[in-house]
Amino acid sequence: MRPVDAPIVTAAEMRAAEAACFAGGASQTALMEAAARAIAREAARFAMGRPITVLAGAGNNGGDAFGAARFLAEQGFDVVVAALGQAGGGAAAMRSRWSGATVALHEAPVRPLVVDGLFGIGLSRAITGAPAAAIERLRAGADFVLAIDIASGLDADSGEARGIVLRADATLALGAVKRGHFQGAGIGASGALLLDTLGLSVDSPVRMLARPRLAAPGAADHKYTRGLVGVVAGTMPGAARLAAGAAARGGAGYVVLAGEDAGVPFDAVVQRAAIDPERAAAVLVGPGLGRGDMACTLCEEWLSSDLTLVLDGDALSLIDADSLRLRTAPTVLTPHAGEFARLFGEPSGDRIAAALDAAQRSGAVVVLKGATTIVASSSGEARVHRPSSWLSTAGTGDVLAGLVAARLAVTKAPFRAACEAVWLHARAAALAGPALVADDLAMHIPIAIAECL
Ligand SMILES: NC(=O)C1=CN([C@@H]2O[C@H](COP(=O)(O)OP(=O)(O)OC[C@H]3O[C@@H](n4cnc5c(N)ncnc54)[C@H](OP(=O)(O)O)[C@@H]3O)[C@@H](O)[C@H]2O)[C@H](O)CC1
Ligand SMILES: [K+]
């Protein structure tokens, strides 16, 4: 199945879940048989009757592979197993049940479908030498590669490539999806992500972002109860206008764009010289703010207020992470990779862990944007989303920041608001289609909201 709202685990968390399953009386062989059956089911779908080469490593990833080969052969598929090393432990039992053709990995025949059971979450060092050469040859010749649990060569936690990676067209995650599927080289090497939980009960405060449930305003609501969003304009008012337009279409009851001659995206956004702090439910500082003295002064003023803030763009270049700890009001930061690195340091591989650390350190909700966007809270919760790569164009960050401010004004809950905004932003991009520009996004936000009611 395509995972939705699924827990995302580290290798250690996966092993702990497996151990708990074994402690409850399940056998490793039974679990591997279930995994093998699931792999064979998916491989049969992609093989479409064509010959299959199954790659089997020395660990349990390889054990799964031998089991899958057996089930595929029983269904009449032409299967050969190309094995690396001697299977140990549970994998030996699975290997002993395979009676079909087995060749050494370097002799693996190139076939339309390759099932990758070389390495799973036990990869412990870079893949080099003969295995690397075989991976290169088989990837070049295969029509389709199905990875068992994770593409061989990927670190299960950081998604970093350890030497060569056997890029997959689809990955069947076993038990739970792994952090490595969503970051580093894992983003491009995992292909379509499928999941079979094998009946394991796995939970984690880190989950895939699901479509939010939104509510229409109540009968007693008016523009102030729905929340006034203030957007602070600066030297590049266009960015603030993009943010204000997104806030207005993102559910805010009232949007004030504060700044001389900032202009407005449309008449429903009101331009004023200043934001009335008594009335503002959320204030966005940063888009197009600039980094001069005036910008510094504005940043300091709002940071020292007790208002709910969204800090984006230039504001993230003017503050330091530790000063945020002094704030007691809800704060959401929306850094891209460069702004994040300046505030919290360069993430060392596992960006999910880095975002959680940053949220813990700053006390803010951190939205670490990128090919995978991570929403992290200081309570240790995180949501992970893969938005369209077409969002990599100027101004889309301003739109997201405006959406975060709108959802904050509506929900008054920073983690929930940031999750809703990230989902709506990605959905608006999908609706806008290829080659979108930031100005296209806002008009699709109401359609995305309608899908959540
Ligand atoms: N999650 C589930 O419900 C289930 C998962 N299963 C599968 O089990 C694997 C994890 O199995 P494990 O045996 O821990 O590890 P691997 O199969 O990934 O392989 C590790 C072996 O490979 C050797 N190794 C590691 N790196 C290299 C390398 N670069 N070159 C050569 N050999 C390497 C490693 O040797 P060491 O020297 O590190 O000891 C191991 O021998 C999981 O991914 C799932 O596929 C269960 O089977 C079913 C349930
Ligand atoms: K694999």
Side-chain angles (χ1 to χ4, degrees), residues 6-22 24 26-40 42-43 54-68 82-95 105-106 114-135 138-139 145-157 160-181 186 189-191 193-202 204:
I8 302 172
V9 298
T10 62
E13 290 166 338
M14 190 71 256
R15 293 192 193 289
E18 287 174 37
C21 176
F22 302 146
S27 78
Q28 186 178 52
T29 305
L31 202 55
M32 293 177 85
E33 285 287 326
R37 203 177 297 280
I39 298 155
E42 297 304 335
V54 173
L55 308 180
N60 290 344
N61 202 240
D64 295 345
F66 273 109
L84 172 66
Q86 280 306 315
M94 299 298 276
R95 179 166 189 158
L105 179 61
H106 68 274
V114 169
V115 177
D116 166 17
L118 280 179
F119 303 108
I121 62 172
L123 184 72
S124 58
R125 56 193 182 283
I127 301 175
T128 57
I135 283 174
L138 290 160
R139 177 66 265 191
V145 174
L146 171 64
I148 297 176
D149 205 22
I150 191 166
S152 290
L154 290 180
D155 179 279
D157 292 350
E160 289 173 316
R162 287 191 175 201
I164 193 170
V165 176
L166 177 46
R167 180 180 58 77
D169 298 288
T171 295
L172 176 61
L174 299 170
V177 293
K178 313 306 185 287
R179 290 193 181 186
H181 292 136
S190 299
L193 188 58
L194 307 170
L195 168 65
D196 195 307
T197 62
L198 304 179
L200 283 175
S201 63
V202 181
S204 168

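Just so you know, residue 1 is the first one in the sequence shown, and it goes up from there. Values below: all heavy atoms of this structure, side chains included; hydrogens, waters and symmetry mates excluded. Each ligand, and each atom within it, is numbered from 1 in the order the structure gives.
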Q: Using heavy atoms and a 4.0 Å limit, tell me yes or no: is G57 in contact with ligand 1?
A: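 No heavy atom of G57 comes that close to ligand 1.
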Q: To the nearest 10°, what's the angle at the K ion (ligand 2) between atoms O (F119) and OG (S152)?
A: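 Rounded to 10°, it measures 70°.
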Q: Got a sec: is I150 within less than 3.4 Å of the K ion (ligand 2) via an N/O/S atom?
A: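 Yes - counting backbone and side chain alike, I150 has an N, O or S atom under 3.4 Å.
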Q: Would you mind running through ligand 1 and noting each atom that sits below 4.0 Å from a heavy atom of L198?
A: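 That gives atoms 3 (O), 49 (C) of ligand 1.
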Q: OD1 (N61) to the K ion (ligand 2) to OD2 (D116): angle, nearest 10 degrees?
A: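 Once rounded, the angle between the two atoms at the K ion (ligand 2) is 140°.
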Q: Does an N or O from I121, backbone or side chain, lie closer than 3.5 Å to an N or O of ligand 1?
A: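 Min N/O separation from ligand 1 is below 3.5 Å for I121.
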Q: Short list, please: which atoms of ligand 1 are under 4.0 Å from a heavy atom of L31?
A: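 Result: 49 (C).
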Q: Looking only at non-hydrogen atoms, which of D149, T29, N60 approaches atom 42 (C) of ligand 1 most closely?
A: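 Considering heavy atoms of D149, T29, N60, the nearest to atom 42 (C) of ligand 1 sits in D149.
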Q: Kindly state if atom 40 (C) of ligand 1 has a protein heavy atom within a strict 4.0 Å cut-off, that is, under 4.0 Å?
A: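 Within 4.0 Å of atom 40 (C) of ligand 1, no protein heavy atoms are found.
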Q: Is there any N or O on E18 that sits under 3.5 Å from an N or O of ligand 1?
A: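 Checking ligand 1 against E18, an N or O pair does fall under 3.5 Å apart.
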Q: Mark the output for R15 as yes if a heavy-atom distance to ligand 1 is under 4.0 Å, and as no if none is.
A: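 So R15 counts as touching ligand 1.
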Q: Is there at least one pair of N or O atoms, one from G122 and one from ligand 1, spaced under 3.5 Å apart?
A: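 N/O-N/O distance under 3.5 Å: yes.
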Q: Under 3.5 Å, N or O to N or O, is A126 touching ligand 1 that way?
A: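 Yes; at least one N/O pair falls below 3.5 Å.
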Q: If I take every N, O or S atom of I148, is at least one of them less than 3.4 Å from the K ion (ligand 2)?
A: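 Yes, within the cut-off.
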Q: May I ask you to say whether R37 pairs ionically with D196, meaning some side-chain N is under 4.0 Å from a carboxylate O?
A: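 Salt bridge between R37 and D196, a charged N being under 4.0 Å from a carboxylate O: no.
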Q: What pairs of donor and acceptor atoms, side-chain ones from residues 162-173 against any protein atom, are under 3.5 angstrom apart with sequence neighbours left out?
A:
{"residue": "R162", "atom": "NE", "partner": "D155", "partner atom": "OD2", "Å": "3.3"}
{"residue": "R162", "atom": "NH1", "partner": "S124", "partner atom": "O", "Å": "2.8"}
{"residue": "R162", "atom": "NH2", "partner": "D155", "partner atom": "OD2", "Å": "2.9"}
{"residue": "D169", "atom": "OD2", "partner": "R139", "partner atom": "NH1", "Å": "3.1"}
{"residue": "D169", "atom": "OD2", "partner": "R139", "partner atom": "NH2", "Å": "3.1"}
{"residue": "D169", "atom": "OD2", "partner": "V145", "partner atom": "N", "Å": "2.7"}
{"residue": "T171", "atom": "OG1", "partner": "S190", "partner atom": "O", "Å": "2.7"}

Q: Around atom 47 (O) of ligand 1, find the nearest protein heavy atom and jot down its residue, atom name and distance.
A: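 Sorting protein heavy atoms by distance from atom 47 (O) of ligand 1 puts D64 OD1, 2.7 Å first.
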Q: Quick check on atom 13 (O) of ligand 1 - does any protein heavy atom sit closer than 4.0 Å to it?
A: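 Protein heavy atoms within 4.0 Å of atom 13 (O) of ligand 1 - there is at least one.
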Q: At under 4.0 Å between heavy atoms, which part of R162 makes contact with ligand 1: side chain, backbone, both or neither?
A: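 Neither part.
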